[in-house]
Amino acid sequence: MTNQYYEFFCPVKVIAGKAALEHIPYELTGLAAKRPMIVTDKGVRAAGLLDPVVAACEESGLEIISIYDDVPPDSSTDVVRDIAGIYRSEKCDSIIAVGGGSAIDTAKAVNILVSEGGDDIAAYSGAGVIKHPLKPFLVVPTTAGTGSEVTSVAVITDTTKSVKLPFTSSFLLPNAAVIDPRMTLTLPPHITAATAMDAMTHATEAFTCMAKNPLSDAYATAAVKKISTSLLQVMDNPKDSDGRLELAQASTMAGIAFSNSMVGLVHALGHATGAICHLPHGLCMSLYLPYVLEYNLESIRAPLGELLLYLEGPDVYSATPASRRAEASISALRKLRDELHKRCKLPRTLKETGSVEEHQLDTIAEMAMDDGAMMFNPKEVSLEDARAVLKRAWA
């Protein structure tokens, strides 16, 4: 499976390390921005994560004009409109998103409105609608999982129609992603586990799906190795800032990988399960990963076998016969999930979530069939196939 033609694009500057936040003012002044607005949520503010960001800006004479800290977990068109209104009335000229996927998606959508004009964010939904660069925009992720800081996609719920609106444009990419281990030190164990497995899934699907390419492969394998090496260490020692930095970098690398190679059936099932049963995205990713890899096994034997090197290291890899490596990779991921379940009860089956009823499986399967991620799954999936995978994931 070699792609004769591919494209790879990631113009986001990555600023990473133990004093990364202190570089924010330099980045903003380089973009001629003087009046940044911070977009975040209550949890991030309560955890004290805004303090070092604000301190870094104020020390260099950059004034934070406005802080919006009311982004909900599932952001909506109303929230985007409200924030854009505040941005305009406070005469801000740039945005710093501090948070997880929802805060970052919200900030991307706000940036569309304040740059392109109007109050109706739905008008910009879809792909390729935005034709101009947007306002200066920096992202400081506080979870190591979604990779939103390096993707050109945002999803916002339209509350009036209760649908999720997708936005896709290379102009949504931030000017810089600021990866600082201070931002993830306080993540509780179950969120640390679920978000790291979200990144692991991004990397694994990126490395095994239809649109994989040599450049995305390099990012994907490096991410798998970092997560395999650091995740359990961080679970056992949450204040390990080196390990936290490794996981945060892995999330960014996995984000770069999958936004250039796409994802597959794990994401299709995960999106549907999230929509119907309101389970967190990372949890769904971790849950479905081994079942989908088993379903795809014969189509992905070579790349999945190669992943064993990054999952288990050179000794295990060389000791495993080539014909068994793909299965060994799945076992390694199952073993990792078992360890996480021991430490924080991260569910391994739909039954263990306690939030899914068996009669919902058909609805999840039907919804997953309409998901765009299906197109890049390495093996054709029928409705019956999707149902079968869900049944296996049930118990």
Side-chain angles (χ1 to χ4, degrees), residues 41-43 46-47 71-76 99-102 142-146 155 157 162 164 184 186-202 204-205 227 231-232 234-236 238 247 263-295 330-371 373 383 385-395:
D41 62 54
K42 288 274 189 273
V71 175
D74 201 3
S75 193
S76 71
S102 189
T142 58
T143 64
T146 63
V155 177
T157 303
S162 44
K164 285 185 185 278
T184 54
T186 54
L187 274 186
H190 67 280
I191 297 183
T192 300
T195 51
M197 289 305 289
D198 188 8
M200 178 69 97
T201 304
H202 288 153
T204 307
E205 285 211 291
I227 298 164
L231 178 51
L232 293 177
V234 168
M235 293 298 292
D236 295 338
L247 292 179
V263 284
L265 179 57
V266 184
H267 273 76
L269 292 172
H271 291 152
T273 310
I276 293 164
C277 309
H278 307 291
L279 284 167
H281 177 73
L283 184 159
C284 297
M285 296 298 98
S286 176
L287 196 155
Y288 287 127
L289 183 57
Y291 304 106
V292 170
L293 293 174
E294 280 162 0
Y295 172 76
I330 298 176
S331 303
L333 288 164
R334 284 187 174 277
K335 195 172 72 186
L336 178 58
R337 295 191 328 150
D338 290 342
E339 290 297 327
L340 294 172
H341 186 261
K342 264 186 219 156
R343 289 166 171 79
C344 68
K345 292 279 175 280
L346 187 68
R348 296 158 299 184
T349 62
L350 289 168
K351 214 170 187 172
E352 281 180 353
T353 65
S355 312
V356 184
E357 307 285 335
E358 201 165 357
H359 68 82
Q360 292 176 302
L361 300 188
D362 282 349
T363 324
I364 295 173
E366 282 158 25
M367 193 168 182
M369 292 305 292
D370 291 333
D371 193 284
L383 183 58
D385 296 330
R387 283 196 187 121
V389 173
L390 286 164
K391 287 222 164 59
R392 298 205 52 186
W394 169 251

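Since we're looking at a predicted model, the values are computed, not measured.
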Rounded to the nearest 0.5 Å, how far does [atom2] of [Y] lie from [atom1] of [X]?
| X | Y | atom1 | atom2 | answer |
| --- | --- | --- | --- | --- |
| Leu231 | Asp236 | CG | CG | 9.5 Å |
| Trp394 | Leu287 | CH2 | CG | 10.5 Å |
| Leu346 | Ile191 | CG | CD1 | 11.0 Å |

Where [X] and [Y] come nearest, the two heavy atoms and their spacing:
| X | Y | value |
| --- | --- | --- |
| Thr143 | Gly100 | OG1-CA, 4.0 Å |
| Met369 | Ala386 | SD-CB, 4.2 Å |
| Met235 | Cys344 | CE-SG, 3.9 Å |
| Cys284 | Leu279 | SG-CB, 3.8 Å |
| Thr186 | Ala47 | OG1-CB, 4.2 Å |
| Gly282 | Asp198 | CA-CB, 3.8 Å |

For the backbone of [Y] and the side chain of [X], can you confirm whether one donor and one acceptor N or O come within less than 3.5 Å of each other?
| X | Y | result |
| --- | --- | --- |
| Ser102 | Pro72 | yes |
| Thr184 | Leu187 | no |
| Glu358 | Lys351 | no |

Next item on the list: Check step by step if side-chain contact (heavy atoms from CB on, under 4.5 Å) holds for Leu340 and Leu232.
Entry: CA-CA 8 Å; Leu340 294 172; Leu232 293 177; 4.0 Å; yes
Check: Ser286 pairs by side chain to side chain contact (heavy atoms under 4.5 Å, CB included) with which of Arg348, Met200, Arg337?
Finding: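 That would be Arg337; it is the only one of Arg348, Met200, Arg337 passing the side chain to side chain contact (heavy atoms under 4.5 Å, CB included) with Ser286.
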Check: Parallel, tilted or perpendicular: which fits the ring planes of His281 and His267, with parallel below 30° and perpendicular above 60°?
Finding: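 Rings of His281 and His267: tilted, as their planes differ by 30° to 60°.
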Next item on the list: Go through the steps for Met197 and Leu336 under the test side-chain contact (heavy atoms from CB on, under 4.5 Å), then give the verdict.
Entry: CA-CA 9 Å; Met197 289 305 289; Leu336 178 58; 3.8 Å; yes
Next item on the list: Please name all residues satisfying side-chain contact (heavy atoms from CB on, under 4.5 Å) with Arg392, sequence neighbours left out, ordered by chain then number.
Entry: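 Checked Arg392 against side-chain contact (heavy atoms from CB on, under 4.5 Å); matches are Tyr291, Glu294.
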Item checked: Audit row: His271, Lys164, side-chain contact (heavy atoms from CB on, under 4.5 Å) steps and yes/no -> CA-CA 11 Å; His271 291 152; Lys164 285 185 185 278; over 6 Å; no
Side chains of residues 360-367: which donor-acceptor partners sit under 3.5 Å, not counting sequence neighbours?
from: Gln360; atom 1: OE1; to: Glu357; atom 2: N; distance (Å): 2.7
from: Asp362; atom 1: OD1; to: Arg387; atom 2: NE; distance (Å): 2.9

Margin query: Could you check whether Lys335 pairs with Glu339 (Lys NZ or Arg NE/NH1/NH2 to Asp/Glu carboxylate O, under 4.0 Å)?
Written below: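 Result for this pair is no, no salt bridge flagged.
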Check: Residues two or more places apart in sequence or in another chain: which of them pass side-chain hydrogen bond (donor to acceptor under 3.5 Å, both in side chains) with Thr273?
Finding: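 Checked Thr273 against side-chain hydrogen bond (donor to acceptor under 3.5 Å, both in side chains); matches are Tyr288.
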